[in-house]
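See below for the structure under consideration.
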Amino acid sequence: MKRVAYLCLLFMVGGCSSLDAEAIDSTTKVTTVAVPEGGSPLVAKTDAEGTVHVLYDSATGPKYVKSSDNCKTFAAPIAVVDEVSRKPGLVFTGWDMAVGKGKRVHIALGTNAWKLKLPEEEWGFFYTSLEPGAKAFAPVRNINHKPSEGFSLAADDKGNVTACWLAGKLYANISRDGGKTFAPQIEINPAYDPCNCCTTSAVFGADGRLAVLYREETNSERDMYMVLWEQGRKQVSRTRVSTTLWRVDTCPMTYYSLTRTETGYLAVWPTRGQIYFARLDSKGALWPPGEIKTPGKAGMRTGMIALAGSEGSTLVAWRQEDCVKWQIYDANGQPSGSVGSEKSAGTGAAALVDKAGHFIVFR
């Protein structure tokens, strides 16, 4: 189930490789792990105790699995969608996962209700959670009852959970009780005009503020922005993250992600099919050199992630063709070694950093 794949010594222009090569140093070590059932990886997280949590799509719907030994073994997979919520023809898809207070697992789901021409209130953000030690997820709930997409979740260790989504504007539903209840929807800022067929990515920062990554569409200029939202005081600010211009009249339907680091955040996104990433401090300011171009290419709604490892290293992983690919960068934002790749199902890209600061990429 598990194998160690080090960065290849030769750059591979296309296709995937299962070649193992000697690591350049400890910071370039990447372990690849197959998700169970030949599934498609979606999201992977690790909690403060080092437990690994993985959300993946399978032939029978979204599944969740965890590991307490750094992915050497996994517990039995758990179906995310309860039996009552399953209906003929209705397909649930995993969008995002967060691990919050008490290691409670929170999952965002979408459906094909629009395709089945169900009532529009069923085209919304579906949510479920798993209590620590439970063997089944709570019944799935529709938390916004509105045609929407771009679903993401953020959870902290105080019981706060925020669900972000798009419906012409950038919205959120906030929970203060670990996802048991969500307040009515809030428009984060009426001045923001997001690409409605793209996505959102959200995470709580060390200072308690919510950070949200999204793509603007004002004047058809598809710039990337990171929002910092102090929810208690209802104060919102934003930073333009991308610098390469992309003007296009239609929504490019792109996915991207935002992750928290010890000193701030990492953002990764595509512009004109090329993948870029940037490091930001806790206040949203870009670290030099700002936007960094990677060798990665992205299609419509293909996954990518950037993670901070040991000694200032950064992993950028992305989905390309039938592979998951990755590149390591050093503390100065320079490539370290060559591109690694493995065969992978689906369109997502899931990876995490273990307690030793090394990278695990799921395939």
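Listed by chain and number, the residues in a side chain to side chain donor-acceptor pair (under 3.5 Å) with Lys297 are Gln274 (sequence neighbours excluded). Every residue two or more places apart in sequence or in another chain that forms a side chain to side chain donor-acceptor pair (under 3.5 Å) with Arg301 is listed here: Glu149.
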Take Thr32 and Arg363, measure what side chain to side chain donor-acceptor pair (under 3.5 Å) needs, and give me the verdict at the end. CA-CA 7 Å; Thr32 65; Arg363 53 183 169 82; 3.2 Å; yes
Could you walk me through whether Gln231 and Thr162 satisfy the side chain to side chain donor-acceptor pair (under 3.5 Å) test, starting with their C-alpha distance in whole Å, then the side-chain angles of each, then the deciding distance to 0.1 Å, before giving a yes or no? CA-CA 10 Å; Gln231 295 177 331; Thr162 297; 3.0 Å; yes
Walk me through whether Lys72 and Ser67 qualify under side chain to side chain donor-acceptor pair (under 3.5 Å). CA-CA 8 Å; Lys72 292 182 176 66; Ser67 172; over 6 Å; no
Set out, in order, the CA-CA distance, both residues' side-chain angles and the distance that settles ring-ring contact (aromatic ring centres under 6.0 Å, His included) for Trp269 and Tyr256, then state yes or no. CA-CA 5 Å; Trp269 68 92; Tyr256 31 82; 8.8 Å; no
Would Val236 and Val227 count as a side chain to side chain contact (heavy atoms under 4.5 Å, CB included) here? Give the steps. CA-CA 7 Å; Val236 179; Val227 175; 3.5 Å; yes
Walk me through it: do Asn142 and Asn144 pass the test side chain to side chain contact (heavy atoms under 4.5 Å, CB included)? CA-CA 6 Å; Asn142 183 340; Asn144 67 350; 3.4 Å; yes
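Between Arg238 and Glu216 there is a salt bridge, with a side-chain nitrogen of the basic residue lying less than 4.0 Å from a carboxylate oxygen of the acidic one. The pair Arg209-Glu230 does not count as a salt bridge, with every side-chain nitrogen at least 4.0 angstrom from each carboxylate oxygen. With respect to Glu121 and Lys146, no salt bridge is recorded, no charged nitrogen being found less than 4.0 Å from a carboxylate O. The pair Asp156-Lys101 fails the salt-bridge criterion, with no side-chain N (NZ, NE, NH1 or NH2) lying under 4.0 Å from an Asp/Glu carboxylate O. Ion pairing between Asp223 and Arg240 holds under the 4.0 Å rule for side-chain N and carboxylate O.
What you find for Thr200 and Gly150 is that their closest heavy atoms are OG1-O, 2.6 Å. Across every non-hydrogen atom of Cys251 and Cys198, the tightest pair is SG-SG, 3.6 Å. Scanning all heavy atoms of the two residues, the minimum distance from Arg215 to Pro270 falls at NH2-O, 2.5 Å. Minimum heavy-atom separation, Pro62 to Val81: CD-CG2, 4.3 Å.
Cluster partners of Val84 are absent, since no Ile, Leu, Val, Met, Phe, Trp or Tyr has side-chain heavy atoms less than 4.5 Å from it.
Atom NZ of Lys293 and atom OH of Tyr276 lie 5.0 Å apart (nearest 0.5 Å).
Legend: side chain to side chain donor-acceptor pair (under 3.5 Å) pairs involving residues 346-355, not counting sequence neighbours, sorted by first then second residue: Asn70-Asp354. Residue pairs meeting the ring pair (Phe, Tyr, Trp, His ring centres under 6.0 Å) criterion with at least one member in residues 199-247, sequence neighbours excluded, are Tyr192-Tyr214.
By the 30° and 60° cut-offs, the orientation of the rings of Trp95 relative to Tyr255 is tilted.
A side-chain N or O of Thr243 and one of Glu291 form a donor-acceptor pair less than 3.5 Å apart.
Taking the centre of each ring, Phe277 and Tyr329 come in below the 6.0 Å mark.
Checking side-chain atoms of Thr239 against main-chain N and O of Gly284 turns up a donor-acceptor pair under 3.5 Å. With Thr259 contributing its side chain and Ala306 its backbone, the two residues share a donor-acceptor pair below 3.5 Å.
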Please set out all donor-acceptor pairs under 3.5 angstrom arising from side-chain atoms of residues 173-185, sequence neighbours excluded.
unit_1 : atom_1 : unit_2 : atom_2 : d
Asn173 : OD1    : Trp165 : NE1    : 2.8
Asn173 : ND2    : Ala183 : O      : 3.0
Ser175 : OG     : Asp177 : N      : 3.3
Ser175 : OG     : Asp177 : OD1    : 2.8
Ser175 : OG     : Gly179 : N      : 2.8
Ser175 : OG     : Thr181 : O      : 2.8
Arg176 : NH1    : Asn160 : OD1    : 3.2
Asp177 : OD1    : Lys180 : N      : 3.2
Asp177 : OD1    : Thr181 : N      : 3.0
Asp177 : OD1    : Thr181 : OG1    : 3.4
Asp177 : OD2    : Thr181 : N      : 3.4
Asp177 : OD2    : Thr181 : OG1    : 2.6

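Shown here is Lys169, whose NZ atom has more than 12 heavy atoms of other residues, nucleotides or ligands within 6.0 Å.
In the hydrophobic cluster analysis, where Ile, Leu, Val, Met, Phe, Trp and Tyr join through side-chain heavy atoms closer than 4.5 angstrom, Val241 is grouped apart from Ile292.
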